[in-house]
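Below is one structure; the comments refer to it alone.
Throughout, a chain's letter reflects where its sequence line sits, starting with A, and its residues are numbered from 1. These figures come from a predicted structure and were not determined experimentally.
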2 protein chains.
Amino acid sequence: MAKKNYQREDVLDNVIRLFWQQGYAASSIQQITKATGLKPGSIYHEFENKEKLFQEALGRYAAFSIDSIHQKMANATSVNMAIKQILTDLVEQSKACDYCGCFLIKTQLELASQGNTLYQFASAQLASIEKIYADYLSRVYNIEQARAYAAQLMTVIFGIRTYGYQADSANTITQTINALLPWLNEH
Amino acid sequence: MAKKNYQREDVLDNVIRLFWQQGYAASSIQQITKATGLKPGSIYHEFENKEKLFQEALGRYAAFSIDSIHQKMANATSVNMAIKQILTDLVEQSKACDYCGCFLIKTQLELASQGNTLYQFASAQLASIEKIYADYLSRVYNIEQARAYAAQLMTVIFGIRTYGYQADSANTITQTINALLPWLNEH
DNA sequence: GCAAATTTTGAACAGTCATTCCAATAATGA
DNA sequence: TCATTATTGGAATGACTGTTCAAAATTTGC
(Lines give C-alpha, C1' and ligand atoms only; values in the text may rest on other atoms or scores of the structure.)
Protein backbone atom coordinates (compact mmCIF):
# COMPACT_ATOMS: atom_id res chain seq x y z
CA MET A 1 0.00 0.00 0.00
CA ALA A 2 1.08 3.53 -0.66
CA LYS A 3 2.51 5.47 2.25
CA LYS A 4 0.86 8.65 3.52
CA ASN A 5 2.96 11.61 2.50
CA TYR A 6 1.41 14.04 4.95
CA GLN A 7 0.70 14.36 8.67
CA ARG A 8 -2.93 14.72 9.68
CA GLU A 9 -2.00 17.44 12.18
CA ASP A 10 -0.05 19.48 9.64
CA VAL A 11 -2.98 19.39 7.26
CA LEU A 12 -5.31 20.50 10.02
CA ASP A 13 -3.06 23.37 11.02
CA ASN A 14 -3.12 24.72 7.47
CA VAL A 15 -6.85 24.19 7.26
CA ILE A 16 -7.40 26.01 10.56
CA ARG A 17 -5.66 29.08 9.24
CA LEU A 18 -7.76 29.08 6.06
CA PHE A 19 -11.14 28.50 7.70
CA TRP A 20 -10.30 30.90 10.50
CA GLN A 21 -9.48 33.73 8.12
CA GLN A 22 -12.17 33.21 5.52
CA GLY A 23 -14.96 31.35 7.26
CA TYR A 24 -16.70 28.16 6.20
CA ALA A 25 -18.65 29.25 3.13
CA ALA A 26 -15.87 31.33 1.61
CA SER A 27 -13.26 28.56 1.86
CA SER A 28 -13.43 26.23 -1.14
CA ILE A 29 -12.06 22.71 -1.43
CA GLN A 30 -9.87 24.03 -4.21
CA GLN A 31 -8.30 26.53 -1.80
CA ILE A 32 -7.86 23.73 0.70
CA THR A 33 -6.01 21.61 -1.83
CA LYS A 34 -3.69 24.54 -2.47
CA ALA A 35 -3.13 25.27 1.21
CA THR A 36 -2.44 21.66 2.11
CA GLY A 37 -0.91 20.26 -1.07
CA LEU A 38 -3.41 17.40 -0.96
CA LYS A 39 -5.57 16.43 -3.93
CA PRO A 40 -9.35 16.25 -3.50
CA GLY A 41 -9.23 12.45 -3.42
CA SER A 42 -6.84 12.45 -0.48
CA ILE A 43 -8.85 15.01 1.43
CA TYR A 44 -12.09 13.08 1.06
CA HIS A 45 -10.27 9.87 1.88
CA GLU A 46 -8.85 11.26 5.10
CA PHE A 47 -11.74 13.53 6.15
CA GLU A 48 -15.14 12.43 4.89
CA ASN A 49 -16.27 15.89 3.67
CA LYS A 50 -15.87 19.62 4.07
CA GLU A 51 -18.07 19.83 7.15
CA LYS A 52 -16.22 17.05 9.01
CA LEU A 53 -12.90 18.61 8.07
CA PHE A 54 -14.04 21.97 9.39
CA GLN A 55 -15.30 20.44 12.61
CA GLU A 56 -12.01 18.68 13.22
CA ALA A 57 -10.07 21.86 12.53
CA LEU A 58 -12.30 23.81 14.89
CA GLY A 59 -11.93 21.13 17.57
CA ARG A 60 -8.16 21.32 17.28
CA TYR A 61 -8.30 25.12 17.58
CA ALA A 62 -10.50 24.85 20.67
CA ALA A 63 -8.13 22.35 22.25
CA PHE A 64 -5.21 24.73 21.65
CA SER A 65 -7.15 27.59 23.23
CA ILE A 66 -8.03 25.57 26.29
CA ASP A 67 -4.46 24.32 26.67
CA SER A 68 -3.27 27.89 26.48
CA ILE A 69 -5.54 28.90 29.35
CA HIS A 70 -4.30 26.09 31.59
CA GLN A 71 -0.72 26.92 30.70
CA LYS A 72 -1.07 30.58 31.60
CA MET A 73 -2.82 29.68 34.84
CA ALA A 74 0.07 27.39 35.71
CA ASN A 75 2.67 30.04 34.97
CA ALA A 76 1.05 32.96 36.76
CA THR A 77 1.27 33.85 40.43
CA SER A 78 -2.50 33.95 40.85
CA VAL A 79 -5.70 33.24 38.95
CA ASN A 80 -6.41 36.93 38.54
CA MET A 81 -2.90 37.64 37.29
CA ALA A 82 -3.25 34.83 34.76
CA ILE A 83 -6.49 36.31 33.46
CA LYS A 84 -4.87 39.72 33.18
CA GLN A 85 -2.09 38.11 31.15
CA ILE A 86 -4.61 36.35 28.91
CA LEU A 87 -6.38 39.63 28.24
CA THR A 88 -3.22 41.58 27.48
CA ASP A 89 -2.15 38.81 25.10
CA LEU A 90 -5.50 39.13 23.37
CA VAL A 91 -5.00 42.85 22.97
CA GLU A 92 -1.53 42.23 21.63
CA GLN A 93 -2.92 39.82 19.04
CA SER A 94 -5.43 42.39 17.86
CA LYS A 95 -2.60 44.68 16.78
CA ALA A 96 -1.49 42.22 14.08
CA CYS A 97 -2.41 43.25 10.55
CA ASP A 98 -3.71 39.78 9.79
CA TYR A 99 -5.82 39.75 12.95
CA CYS A 100 -8.81 37.53 12.50
CA GLY A 101 -10.47 37.40 15.89
CA CYS A 102 -11.51 34.12 17.48
CA PHE A 103 -12.24 31.14 15.25
CA LEU A 104 -14.95 29.86 17.62
CA ILE A 105 -16.77 33.19 17.76
CA LYS A 106 -16.59 33.65 14.00
CA THR A 107 -17.98 30.17 13.42
CA GLN A 108 -20.80 30.78 15.86
CA LEU A 109 -21.82 33.98 14.10
CA GLU A 110 -21.45 32.64 10.58
CA LEU A 111 -23.35 29.41 11.04
CA ALA A 112 -25.92 30.17 13.73
CA SER A 113 -28.89 30.76 11.46
CA GLN A 114 -28.86 27.36 9.87
CA GLY A 115 -29.25 25.49 13.18
CA ASN A 116 -25.98 24.01 12.07
CA THR A 117 -24.09 21.24 13.87
CA LEU A 118 -20.95 23.31 13.56
CA TYR A 119 -22.63 26.23 15.31
CA GLN A 120 -23.68 24.00 18.16
CA PHE A 121 -20.17 22.63 18.39
CA ALA A 122 -18.61 26.10 18.52
CA SER A 123 -21.17 27.27 21.06
CA ALA A 124 -20.51 24.27 23.29
CA GLN A 125 -16.76 24.84 23.16
CA LEU A 126 -17.21 28.46 24.23
CA ALA A 127 -19.46 27.35 27.07
CA SER A 128 -16.83 24.91 28.23
CA ILE A 129 -14.23 27.65 28.21
CA GLU A 130 -16.48 29.76 30.42
CA LYS A 131 -16.77 26.82 32.78
CA ILE A 132 -12.99 26.50 32.94
CA TYR A 133 -12.70 30.15 33.96
CA ALA A 134 -15.43 29.67 36.55
CA ASP A 135 -13.59 26.71 38.02
CA TYR A 136 -10.35 28.63 38.33
CA LEU A 137 -12.12 31.65 39.78
CA SER A 138 -13.83 29.45 42.36
CA ARG A 139 -10.41 28.98 43.95
CA VAL A 140 -10.46 32.67 44.84
CA TYR A 141 -14.17 33.49 45.18
CA ASN A 142 -17.29 31.66 46.27
CA ILE A 143 -19.00 29.67 43.54
CA GLU A 144 -21.70 32.21 42.84
CA GLN A 145 -19.27 35.09 42.52
CA ALA A 146 -16.91 32.94 40.46
CA ARG A 147 -19.66 32.14 37.96
CA ALA A 148 -20.67 35.79 37.73
CA TYR A 149 -17.07 36.87 37.15
CA ALA A 150 -16.62 34.17 34.50
CA ALA A 151 -19.69 35.46 32.65
CA GLN A 152 -18.33 39.00 32.85
CA LEU A 153 -14.98 37.82 31.61
CA MET A 154 -16.49 35.98 28.64
CA THR A 155 -18.58 39.02 27.75
CA VAL A 156 -15.52 41.25 27.84
CA ILE A 157 -13.51 38.74 25.81
CA PHE A 158 -16.28 38.57 23.23
CA GLY A 159 -16.34 42.34 23.26
CA ILE A 160 -12.65 42.92 22.75
CA ARG A 161 -12.50 40.13 20.17
CA THR A 162 -14.76 42.16 17.96
CA TYR A 163 -13.70 45.62 19.12
CA GLY A 164 -10.26 44.52 17.96
CA TYR A 165 -11.39 44.85 14.36
CA GLN A 166 -11.65 48.61 14.75
CA ALA A 167 -8.59 50.50 13.61
CA ASP A 168 -6.07 51.47 16.31
CA SER A 169 -8.20 50.06 19.07
CA ALA A 170 -5.45 48.50 21.18
CA ASN A 171 -4.82 51.42 23.53
CA THR A 172 -8.48 52.07 24.14
CA ILE A 173 -9.12 48.40 24.82
CA THR A 174 -6.55 48.15 27.60
CA GLN A 175 -8.15 51.05 29.46
CA THR A 176 -11.60 49.61 28.81
CA ILE A 177 -10.66 46.25 30.31
CA ASN A 178 -9.35 47.87 33.48
CA ALA A 179 -12.51 49.87 33.84
CA LEU A 180 -14.87 46.96 33.17
CA LEU A 181 -13.12 44.37 35.31
CA PRO A 182 -11.67 46.23 38.31
CA TRP A 183 -11.71 43.06 40.41
CA LEU A 184 -8.85 41.68 38.33
CA ASN A 185 -6.52 43.85 40.42
CA GLU A 186 -7.68 42.40 43.70
CA HIS A 187 -5.33 39.48 44.11
CA MET B 1 -41.94 52.32 -20.48
CA ALA B 2 -42.84 49.53 -18.12
CA LYS B 3 -43.69 50.56 -14.58
CA LYS B 4 -41.68 49.31 -11.65
CA ASN B 5 -43.69 46.68 -9.85
CA TYR B 6 -41.71 46.83 -6.63
CA GLN B 7 -40.51 49.39 -4.12
CA ARG B 8 -36.77 49.73 -3.69
CA GLU B 9 -37.18 49.88 0.10
CA ASP B 10 -39.30 46.74 0.27
CA VAL B 11 -36.73 44.83 -1.72
CA LEU B 12 -33.97 46.07 0.57
CA ASP B 13 -35.89 45.06 3.68
CA ASN B 14 -36.21 41.50 2.40
CA VAL B 15 -32.59 41.48 1.38
CA ILE B 16 -31.48 42.76 4.79
CA ARG B 17 -33.18 39.84 6.50
CA LEU B 18 -31.53 37.33 4.18
CA PHE B 19 -28.01 38.75 4.34
CA TRP B 20 -28.32 39.36 8.06
CA GLN B 21 -29.26 35.77 8.79
CA GLN B 22 -26.97 33.98 6.37
CA GLY B 23 -24.10 36.35 5.70
CA TYR B 24 -22.71 37.53 2.39
CA ALA B 25 -21.13 34.40 0.96
CA ALA B 26 -23.95 32.04 1.91
CA SER B 27 -26.67 34.17 0.33
CA SER B 28 -27.00 33.45 -3.38
CA ILE B 29 -28.63 35.58 -6.04
CA GLN B 30 -31.07 32.72 -6.53
CA GLN B 31 -32.14 33.01 -2.89
CA ILE B 32 -32.44 36.75 -3.33
CA THR B 33 -34.74 36.33 -6.31
CA LYS B 34 -36.93 34.04 -4.20
CA ALA B 35 -36.97 36.39 -1.22
CA THR B 36 -37.75 39.48 -3.26
CA GLY B 37 -39.78 38.08 -6.16
CA LEU B 38 -37.47 39.89 -8.59
CA LYS B 39 -35.80 38.16 -11.52
CA PRO B 40 -32.01 38.35 -11.84
CA GLY B 41 -32.28 40.92 -14.60
CA SER B 42 -34.31 43.29 -12.46
CA ILE B 43 -31.93 42.97 -9.54
CA TYR B 44 -28.93 43.79 -11.67
CA HIS B 45 -30.82 46.59 -13.34
CA GLU B 46 -31.74 48.19 -10.01
CA PHE B 47 -28.60 47.34 -8.01
CA GLU B 48 -25.48 46.93 -10.12
CA ASN B 49 -24.29 43.71 -8.48
CA LYS B 50 -24.38 41.56 -5.34
CA GLU B 51 -21.77 43.61 -3.50
CA LYS B 52 -23.54 46.93 -4.14
CA LEU B 53 -26.86 45.39 -3.13
CA PHE B 54 -25.33 44.13 0.11
CA GLN B 55 -23.77 47.49 0.86
CA GLU B 56 -27.05 49.29 0.36
CA ALA B 57 -28.86 46.80 2.58
CA LEU B 58 -26.22 47.19 5.26
CA GLY B 59 -26.41 50.96 5.00
CA ARG B 60 -30.16 50.86 5.47
CA TYR B 61 -29.74 48.61 8.50
CA ALA B 62 -27.16 50.97 9.99
CA ALA B 63 -29.47 53.95 9.43
CA PHE B 64 -32.27 52.12 11.27
CA SER B 65 -29.94 51.34 14.16
CA ILE B 66 -28.79 54.92 14.46
CA ASP B 67 -32.35 56.24 14.25
CA SER B 68 -33.33 53.86 17.00
CA ILE B 69 -30.63 55.24 19.29
CA HIS B 70 -31.73 58.85 18.75
CA GLN B 71 -35.34 57.84 19.31
CA LYS B 72 -34.61 56.13 22.60
CA MET B 73 -32.51 59.07 23.74
CA ALA B 74 -35.40 61.39 22.96
CA ASN B 75 -37.90 59.26 24.87
CA ALA B 76 -35.85 58.62 28.01
CA THR B 77 -35.51 60.84 31.06
CA SER B 78 -31.72 60.87 30.86
CA VAL B 79 -28.87 59.69 28.67
CA ASN B 80 -27.98 56.96 31.12
CA MET B 81 -31.57 55.75 31.33
CA ALA B 82 -31.75 55.64 27.54
CA ILE B 83 -28.63 53.49 27.37
CA LYS B 84 -30.04 51.18 30.02
CA GLN B 85 -33.17 50.86 27.88
CA ILE B 86 -31.12 50.13 24.77
CA LEU B 87 -29.24 47.39 26.57
CA THR B 88 -32.34 45.73 28.01
CA ASP B 89 -33.90 45.80 24.54
CA LEU B 90 -30.80 44.09 23.19
CA VAL B 91 -31.12 41.38 25.83
CA GLU B 92 -34.78 40.99 24.97
CA GLN B 93 -33.92 40.51 21.31
CA SER B 94 -31.43 37.80 22.15
CA LYS B 95 -34.23 35.67 23.56
CA ALA B 96 -35.86 35.30 20.13
CA CYS B 97 -35.39 31.89 18.54
CA ASP B 98 -34.40 33.49 15.24
CA TYR B 99 -31.88 35.75 16.94
CA CYS B 100 -29.11 36.66 14.57
CA GLY B 101 -27.03 39.20 16.42
CA CYS B 102 -26.00 42.47 14.82
CA PHE B 103 -25.75 42.70 11.04
CA LEU B 104 -22.84 45.14 11.21
CA ILE B 105 -20.82 42.98 13.57
CA LYS B 106 -21.47 39.85 11.54
CA THR B 107 -20.38 41.59 8.36
CA GLN B 108 -17.24 42.87 10.00
CA LEU B 109 -16.26 39.40 11.15
CA GLU B 110 -17.16 37.63 7.94
CA LEU B 111 -15.42 39.96 5.52
CA ALA B 112 -12.47 41.35 7.49
CA SER B 113 -9.80 39.05 6.06
CA GLN B 114 -10.28 40.09 2.47
CA GLY B 115 -9.57 43.78 3.16
CA ASN B 116 -13.03 44.12 1.74
CA THR B 117 -14.85 47.38 1.06
CA LEU B 118 -17.86 45.98 2.85
CA TYR B 119 -15.77 45.30 5.95
CA GLN B 120 -14.50 48.86 5.94
CA PHE B 121 -18.03 50.13 5.53
CA ALA B 122 -19.34 48.06 8.45
CA SER B 123 -16.40 49.06 10.60
CA ALA B 124 -16.94 52.74 9.85
CA GLN B 125 -20.64 52.49 10.71
CA LEU B 126 -19.81 50.93 14.07
CA ALA B 127 -17.26 53.66 14.73
CA SER B 128 -19.87 56.30 13.99
CA ILE B 129 -22.28 54.65 16.43
CA GLU B 130 -19.61 54.82 19.12
CA LYS B 131 -19.19 58.50 18.34
CA ILE B 132 -22.92 59.07 18.73
CA TYR B 133 -22.84 57.48 22.19
CA ALA B 134 -19.81 59.57 23.10
CA ASP B 135 -21.63 62.75 22.04
CA TYR B 136 -24.66 61.94 24.16
CA LEU B 137 -22.51 60.97 27.12
CA SER B 138 -20.61 64.23 26.87
CA ARG B 139 -23.80 65.96 28.00
CA VAL B 140 -23.37 64.22 31.35
CA TYR B 141 -19.63 63.73 31.68
CA ASN B 142 -16.51 65.56 30.53
CA ILE B 143 -15.34 64.68 27.05
CA GLU B 144 -12.58 62.33 28.15
CA GLN B 145 -14.84 60.38 30.46
CA ALA B 146 -17.59 60.33 27.85
CA ARG B 147 -15.27 58.79 25.28
CA ALA B 148 -14.07 56.20 27.75
CA TYR B 149 -17.62 55.26 28.70
CA ALA B 150 -18.61 55.03 25.04
CA ALA B 151 -15.75 52.61 24.40
CA GLN B 152 -16.83 50.55 27.40
CA LEU B 153 -20.38 50.58 26.17
CA MET B 154 -19.44 49.43 22.69
CA THR B 155 -17.27 46.65 24.12
CA VAL B 156 -20.14 45.46 26.28
CA ILE B 157 -22.58 45.68 23.37
CA PHE B 158 -20.20 43.66 21.20
CA GLY B 159 -19.89 41.23 24.07
CA ILE B 160 -23.57 40.69 24.70
CA ARG B 161 -24.26 40.57 20.96
CA THR B 162 -22.19 37.43 20.76
CA TYR B 163 -22.87 36.12 24.27
CA GLY B 164 -26.51 36.18 23.18
CA TYR B 165 -25.86 33.17 20.98
CA GLN B 166 -25.32 31.01 24.04
CA ALA B 167 -28.39 29.13 25.16
CA ASP B 168 -30.45 30.69 27.97
CA SER B 169 -28.05 33.55 28.36
CA ALA B 170 -30.57 36.37 28.90
CA ASN B 171 -30.68 36.29 32.70
CA THR B 172 -26.95 36.08 33.08
CA ILE B 173 -26.45 38.94 30.64
CA THR B 174 -28.62 41.35 32.60
CA GLN B 175 -26.59 40.80 35.74
CA THR B 176 -23.38 41.01 33.78
CA ILE B 177 -24.32 44.39 32.31
CA ASN B 178 -25.06 45.81 35.75
CA ALA B 179 -21.74 44.58 37.06
CA LEU B 180 -19.71 45.81 34.10
CA LEU B 181 -21.32 49.24 33.75
CA PRO B 182 -22.21 50.39 37.27
CA TRP B 183 -22.08 54.05 36.20
CA LEU B 184 -25.30 53.55 34.23
CA ASN B 185 -27.17 53.87 37.53
CA GLU B 186 -25.66 57.24 38.36
CA HIS B 187 -28.11 59.61 36.76
C1' DG C 1 -52.11 55.82 -31.72
C1' DC C 2 -47.38 55.88 -32.62
C1' DA C 3 -42.50 56.19 -31.31
C1' DA C 4 -39.38 56.45 -27.58
C1' DA C 5 -38.01 55.08 -23.20
C1' DT C 6 -37.82 52.05 -19.39
C1' DT C 7 -38.45 47.83 -17.05
C1' DT C 8 -39.21 42.78 -16.84
C1' DT C 9 -38.32 38.43 -18.27
C1' DG C 10 -35.90 34.20 -18.21
C1' DA C 11 -32.76 31.73 -20.84
C1' DA C 12 -27.84 31.43 -21.47
C1' DC C 13 -22.89 32.20 -20.01
C1' DA C 14 -18.61 30.78 -18.31
C1' DG C 15 -16.81 29.65 -14.13
C1' DT C 16 -16.66 27.40 -9.71
C1' DC C 17 -18.66 24.46 -6.22
C1' DA C 18 -18.39 19.95 -3.34
C1' DT C 19 -17.92 15.44 -4.33
C1' DT C 20 -17.00 10.94 -6.79
C1' DC C 21 -14.54 7.65 -9.13
C1' DC C 22 -11.02 4.77 -10.71
C1' DA C 23 -6.62 3.95 -12.57
C1' DA C 24 -1.91 4.39 -10.89
C1' DT C 25 1.17 3.82 -7.22
C1' DA C 26 3.43 1.75 -3.51
C1' DA C 27 3.86 -0.95 0.64
C1' DT C 28 2.54 -5.03 3.11
C1' DG C 29 1.90 -10.15 4.36
C1' DA C 30 2.53 -14.73 2.62
C1' DT D 1 7.28 -12.96 -5.97
C1' DC D 2 2.63 -12.07 -6.01
C1' DA D 3 -1.90 -11.02 -4.51
C1' DT D 4 -3.83 -7.82 -1.20
C1' DT D 5 -4.50 -3.57 0.75
C1' DA D 6 -3.97 1.39 1.45
C1' DT D 7 -3.24 5.74 -0.51
C1' DT D 8 -2.67 9.20 -4.22
C1' DG D 9 -3.61 11.67 -8.44
C1' DG D 10 -6.44 14.13 -11.14
C1' DA D 11 -10.02 14.12 -14.45
C1' DA D 12 -15.00 14.10 -14.50
C1' DT D 13 -19.59 14.86 -12.35
C1' DG D 14 -23.80 17.58 -12.07
C1' DA D 15 -25.37 21.27 -9.54
C1' DC D 16 -25.02 25.90 -8.55
C1' DT D 17 -22.45 30.52 -8.76
C1' DG D 18 -22.77 35.68 -10.19
C1' DT D 19 -23.69 38.00 -14.23
C1' DT D 20 -25.20 39.24 -19.04
C1' DC D 21 -28.18 39.87 -22.78
C1' DA D 22 -31.70 40.41 -26.11
C1' DA D 23 -36.38 40.05 -26.65
C1' DA D 24 -40.92 41.11 -24.71
C1' DA D 25 -43.86 44.06 -22.24
C1' DT D 26 -45.72 48.24 -20.73
C1' DT D 27 -45.99 53.15 -19.82
C1' DT D 28 -45.04 57.81 -21.24
C1' DG D 29 -44.75 62.08 -24.25
C1' DC D 30 -46.24 63.66 -28.50
Please determine, for the side chain of [X], which listed nucleotide ([options]) has the closest atom?
X       : options                : result
B:Asn49 : D:dT19, C:dA18, D:dT17 : D:dT19
B:His45 : D:dT20, C:dT8, D:dT8   : C:dT8
A:Tyr6  : C:dT20, D:dT19, D:dT7  : D:dT7
A:Lys50 : D:dG9, D:dG18, C:dT19  : C:dT19
A:Ser42 : D:dG9, D:dT20, C:dA18  : D:dG9
B:Lys39 : C:dG10, D:dT8, C:dC17  : C:dG10

Worksheet item: Does NZ or CZ of A:Lys50 lie under 6.0 Å from the centre of the six-membered ring of A:Tyr44, at an angle within 45° of the ring axis?
Response: no
When rounded to the nearest 0.5 angstrom, what distance separates [atom1] in [X] from [atom2] in [Y]?
X        : Y        : atom1 : atom2 : answer
B:Ile177 : A:Thr155 : CD1   : OG1   : 8.0 Å
A:Asn142 : A:Arg147 : CG    : CZ    : 10.0 Å
A:Ile157 : A:Glu130 : CD1   : CD    : 9.5 Å

Worksheet item: Taking a pair as Watson-Crick (N1 to N3 plus N6-O4 or O6-N4) or G-U wobble (N1-O2 and O6-N3), both under 3.5 Å, which stems of 3 or more consecutive pairs involve DNA chain D?
Response: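 DNA chain D forms these stems: C:1-30 with D:1-30.
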Worksheet, complete the sentence: By nearest-heavy-atom nucleotide on DNA chain C, the more 5' of A:Ser27 and B:Ile43 is B:Ile43
Worksheet item: Which residue, B:Glu46 or A:Gly41, contacts DNA chain C at a nucleotide closer to its 5' end, judged by nearest heavy atom?
Response: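 Checking each residue's closest nucleotide, the 5'-ward one belongs to B:Glu46.
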Spacing of [X] atom [atom1] relative to [N] atom [atom2], expressed in whole Å:
X       : N      : atom1 : atom2 : answer
A:Lys52 : C:dT19 : NZ    : P     : 10 Å
A:Arg8  : D:dT7  : CZ    : P     : 11 Å
A:Phe19 : C:dA18 : CZ    : C1'   : 11 Å
A:Gln7  : D:dT8  : CD    : P     : 12 Å
B:Ile29 : D:dT19 : CD1   : P     : 6 Å
B:Lys34 : C:dG10 : NZ    : C1'   : 16 Å
B:Leu38 : D:dT19 : CG    : C1'   : 16 Å

Practice prompt. Enumerate the residue pairs fulfilling side-chain hydrogen bond (donor to acceptor under 3.5 Å, both in side chains) with a member in residues 164-176 of chain A, sequence neighbours excluded, ordered by first and then second residue.
Written response: A:Gln166-B:Ser123
Worksheet item: So, B:Gln31 side chain and B:Ser28 main chain: donor-acceptor pair closer than 3.5 Å or not?
Response: yes
Item to complete: Can you label the angle between the B:Phe54 ring and the B:Tyr24 ring as parallel, tilted or perpendicular, going by 30° and 60°?
Response: perpendicular
With a 4.0 Å cutoff (strictly under), does any side-chain N or O of [X] reach OP1 or OP2 of [N]?
X       : N      : value
B:Tyr44 : D:dT19 : yes
A:Ser28 : C:dT16 : no
A:Gln30 : C:dA18 : no

Worksheet entry | B:Arg60: partners by side-chain hydrogen bond (donor to acceptor under 3.5 Å, both in side chains), with sequence neighbours left out | B:Asp13
